[in-house]
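Proteins get letters first, then strands, A, B, ... in listed order; numbering begins at 1 in each.
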Protein chains: 2
Amino acid sequence: MSTILDPKRTVAELKELRAFSGDENGAQRVAFTPMWGEVRAWLKGKLAELPVETHADAAGNLWATLRGESAQELLIGGHMDSVPNGGWLDGCLNVIAGLEVLRRLAAQYHGRPPVTVRLVDWADEEGARFGKSLFGSSACAGTLDMGEARGLKDRDGVRLPDALKTQGIDFDRVMEARRELANAAAYLELHIEQGPVLLDLDLPLGVVLGTCGVERHAITFHGQAAHSGSTPMNRRKDAFLAAAKMSPEIYRITEKHGGVCTIGSCTTKPGIVTSVVAECRITLDQRHLDPAALAAMHAEAVEASERFAAEGGVTVSWERLWHIEPIPFDGSLIELCDVAILETAGVTHRLPSGPLHDAAEVARAGVPTVMMFVQSLHGISHNKIEDTKEEHLEMCVRAFDRLADKAIGWLVAR
Amino acid sequence: MSTILDPKRTVAELKELRAFSGDENGAQRVAFTPMWGEVRAWLKGKLAELPVETHADAAGNLWATLRGESAQELLIGGHMDSVPNGGWLDGCLNVIAGLEVLRRLAAQYHGRPPVTVRLVDWADEEGARFGKSLFGSSACAGTLDMGEARGLKDRDGVRLPDALKTQGIDFDRVMEARRELANAAAYLELHIEQGPVLLDLDLPLGVVLGTCGVERHAITFHGQAAHSGSTPMNRRKDAFLAAAKMSPEIYRITEKHGGVCTIGSCTTKPGIVTSVVAECRITLDQRHLDPAALAAMHAEAVEASERFAAEGGVTVSWERLWHIEPIPFDGSLIELCDVAILETAGVTHRLPSGPLHDAAEVARAGVPTVMMFVQSLHGISHNKIEDTKEEHLEMCVRAFDRLADKAIGWLVAR
């Protein structure tokens, strides 16, 4: 076993994985499917060559534990599951890179590093089948909403508890996975950026400051249907007009505060060519790393919607669809990650993550956490065109390995 | 038979009609239904008391002819059919008021007025069942698109020709109805306004200048789907943003040109809360009485859509759904109608009609035509709350009767 990190092996293993778990439409590693089982078996085969103990926890997360001198645990996590027709790197890069770091540590410390190091493959990060992401990590963090999860069904009507049973997982016991974090002292996760920020800055790597808080609402404007031919413009109560004004407005709001805001859907009633729109429903997704800025963005959107409604003689109602607080990562680990990137790439950058990750659940559970992003080509994921330059893949394995070393040193020194 | 016009009888007959052909949801006189047959039988009963010849033409229009000294014909038209859950006045006011005018003329001229006067109840003005309005009048005018009409189906899949057969109408012969207009010298139609213009001006009656031309299009903006959390605002190709900017813009365009423009529907793809909108389709309905203004409104909307698309890095495509030229009414008859209203109400007003009417088909066939509007309460029709003050109903019968007299005088003098 070489004591030298081999980032080219990581790239080769990613390609090996892609060859058997993907097709012409992309990655097909949806959680709790037969292919996901094959992927897990393949991963276990790799882990079997290392001096690690391997087990699946009560929520289906796969743990590989390299016992160290201290009971303190450094966790490295990722997820092998993908969305249907997904990208080849999303999730599995973290696990395969973590595997390489584990190899290097096991060899260098002759099977016994200064702290215990554990690699975790989270179960069903994507939530592709049941529409609920971060299943395994939220069970581990103790934040899984059992009542909601119990009622989830896939498009064939199969309930989540029944699907879990076929995987040997007892739904009523999934929260027992919480015990896995008992000795967790730090959590590291490497991920493709899934956005274009590093690409636009021409940077290979970035430190993630945390995951953005999300305010997600449906906004419905209530006007009045009226004949398109006989109703003068100044007599209209046009629900679409008020809703439409929200679109440029959310761009103004984000220009002021940063973050991102998205109107993702718009529906109209009666929705016919010969009637003024009586009711228009839009969805608004707002994200920011700073809770105060997120709250301000939300408040300004509410104020704008009421102003546009008043201007148009319509009314507006808001319905919160979902909400999560921003989850900042650990300041010390952010510093260490910054240095690891700087030493590897010569330049670093700090950025928030818009999408959620398993790391957010671990951080919510109180474990000091940081993530490292590597540049995504096209700024796109969840698509077969998702890609990252091979030189950047190799570079991220080196930087992540340095981060692991620095985190171990930090834990030992505490 | 009294020689005195009795507008109160018209109101009483409208109420009689409402009582047996409506329910708690409104009027239920949909064309080619059993109730429509009952309504026709009721109308024929009224006509049987007059010295008129009655027949249905090849397209199902019901004609009552009062032969006059001259073969020149003055036509008075309306339609007994309604939309489902319709208003009590839309269409039938014209027929019942025309019946009263016919009574007065028959009595005054002892069954032989100076010109031939004909009352027509057009078949299926509303197009409620097959989605195609003005069936009977367009057959009469020779403008019915036989290929399109042959393929029309109702929501149960019944084809229009088969539905017509049950009414004793041979679809292949409907265009023979054109012969009914051979001697038509003038056409008069009274209608509720179906809009709020007269209401807002506090006027009972108005002269209709013609029916607006219509440009009806679907406009589709093509952007790019992108993750709502990871895509910076300046990287988005947001199809909804470009489409949304069209809404205030059509109000600016109509403020400049007059007329009316309506965005009646908006659909988004993928239409999910977590994605920037990749494709947004809106419908645009533009109406104006002046062909040049209509063309300018259309051109400015196209220009604006291309500008908004360019601003947002998206593309736009237009698809024409329907188009009809403005149909101006006859200048001499407009003058006569103006005077008839002025003499009756003391004040008159000229306005275009946004909605189409059977009168537009008759005018397209080259028959000098004019319409008179009576105020609609709430500015609403096609709804059970559609209503007009009784004093205005009586007033419109008096004014319409005066118009008929003036039109007869005009025809005799020509």
Side-chain angles (χ1 to χ4, degrees), chain A residues 193-197 200 211-212 214 216 218 225-233 235-236 238 240-248 250-251 254-255 260-268 270-277 280 282-285 287 321-322 353-356 376 379-382, chain B residues 193-197 200 211-212 214 216 218 226-233 235-236 238 240-248 250-251 254-255 260-268 270-277 280 282-285 287 321-322 353-356 376 379-383:
Chain A
E193 184 201 328
Q194 301 180 273
V197 174
D200 284 353
T211 56
C212 289
V214 182
R216 194 175 287 170
H227 194 292
S228 62
S230 63
T231 315
M233 303 308 279
R235 282 286 300 222
R236 298 180 174 209
D238 183 346
F240 182 67
L241 175 62
K245 288 179 179 174
M246 289 298 287
S247 184
I250 64 160
Y251 280 79
T254 48
E255 189 169 4
V260 285
C261 292
T262 306
I263 295 175
S265 99
C266 176
T267 51
T268 47
I272 54 175
V273 69
T274 52
S275 176
V276 174
V277 175
C280 185
I282 55 175
T283 60
L284 177 62
D285 179 284
R287 306 192 187 205
L321 300 177
W322 192 60
S353 173
L356 282 171
S376 289
I380 274 179
S381 69
H382 287 195
Chain B
E193 184 200 330
Q194 300 180 274
V197 174
D200 284 354
T211 57
C212 290
V214 182
R216 193 175 288 172
H227 194 292
S228 63
S230 63
T231 313
M233 304 306 280
R235 283 285 300 222
R236 298 179 174 210
D238 184 344
F240 182 67
L241 175 63
K245 289 179 179 173
M246 289 299 289
S247 184
I250 63 160
Y251 281 79
T254 47
E255 191 169 3
V260 285
C261 293
T262 306
I263 294 175
S265 101
C266 175
T267 52
T268 48
I272 55 175
V273 68
T274 53
S275 176
V276 174
V277 175
C280 186
I282 56 176
T283 59
L284 177 62
D285 179 285
R287 305 191 189 208
L321 300 176
W322 192 60
S353 173
L356 281 171
S376 288
I380 275 179
S381 68
H382 287 196
N383 190 300

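For the options Ile380(B), Val260(B), Thr283(B), heavy-atom pairs under 4.5 Å to chain A are most numerous at Val260(B). Contact count against chain A (heavy-atom pairs under 4.5 Å) is highest for Ala244(B) among Ala244(B), Gly379(B), Ser381(B). When each of Gly271(B), Ser275(B), Cys266(B) is checked for heavy-atom pairs under 4.5 Å with chain A, Cys266(B) comes out on top. Of the listed residues Leu356(B), Asn383(B), Asp200(B), Thr274(B), the one with more heavy-atom pairs under 4.5 angstrom with chain A than any other is Asp200(B). When each of Met246(B), Glu255(B), Met233(B) is scored by its heavy-atom pairs under 4.5 Å with chain A, the top score falls to Met233(B). Ranked by heavy-atom pairs shorter than 4.5 Å toward chain A, the options Pro232(B), Ser247(B), Gly195(B), Ala226(B) are led by Ser247(B). Ranked by non-hydrogen atom pairs under 4.5 Å with chain B, the options Lys245(A), Arg236(A), Gln194(A), His382(A) are led by Arg236(A). When Gly229(A), Gly354(A), Pro270(A) are compared by the number of non-hydrogen pairs under 4.5 Å with chain B, Gly229(A) comes out ahead.
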* Asked: Could you walk me through whether Phe240(A) and Ile282(B) pass the side chain to side chain contact (heavy atoms under 4.5 Å, CB included) check?
  -> CA-CA 10 Å; Phe240(A) 182 67; Ile282(B) 56 176; 4.3 Å; yes
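Both the backbone and the side chain of Ser228(A) come within contact range of chain B, each with at least one heavy atom under 4.5 Å from a heavy atom of that chain. Residue Ile263(A) touches chain B through both its backbone and its side chain, counting heavy-atom pairs closer than 4.5 Å. Of the two parts of Cys212(B), neither the backbone nor the side chain holds a non-hydrogen atom closer than 4.5 Å to a non-hydrogen atom of chain A.
Here the closest heavy-atom approach between residue Pro196(B) and residue Thr231(A) is recorded as CD-CA, 4.2 Å.
Residues meeting the salt bridge (charged side-chain N to carboxylate O under 4.0 Å, His left out) test with Arg216(B), sequence neighbours left out: Asp285(B). With sequence neighbours excluded, the residues forming a side-chain contact (heavy atoms from CB on, under 4.5 Å) with Ser376(B) are Ile192(B), Glu193(B), listed by chain and number.
One finds the CG atom of Asp238(A) at 3.5 Å from the OH atom of Tyr251(B) (value rounded to the nearest 0.5 Å).
Inter-residue side-chain proximity for Leu241(A) and Pro248(B) is flagged as met; some heavy-atom pair is nearer than 4.5 Å.
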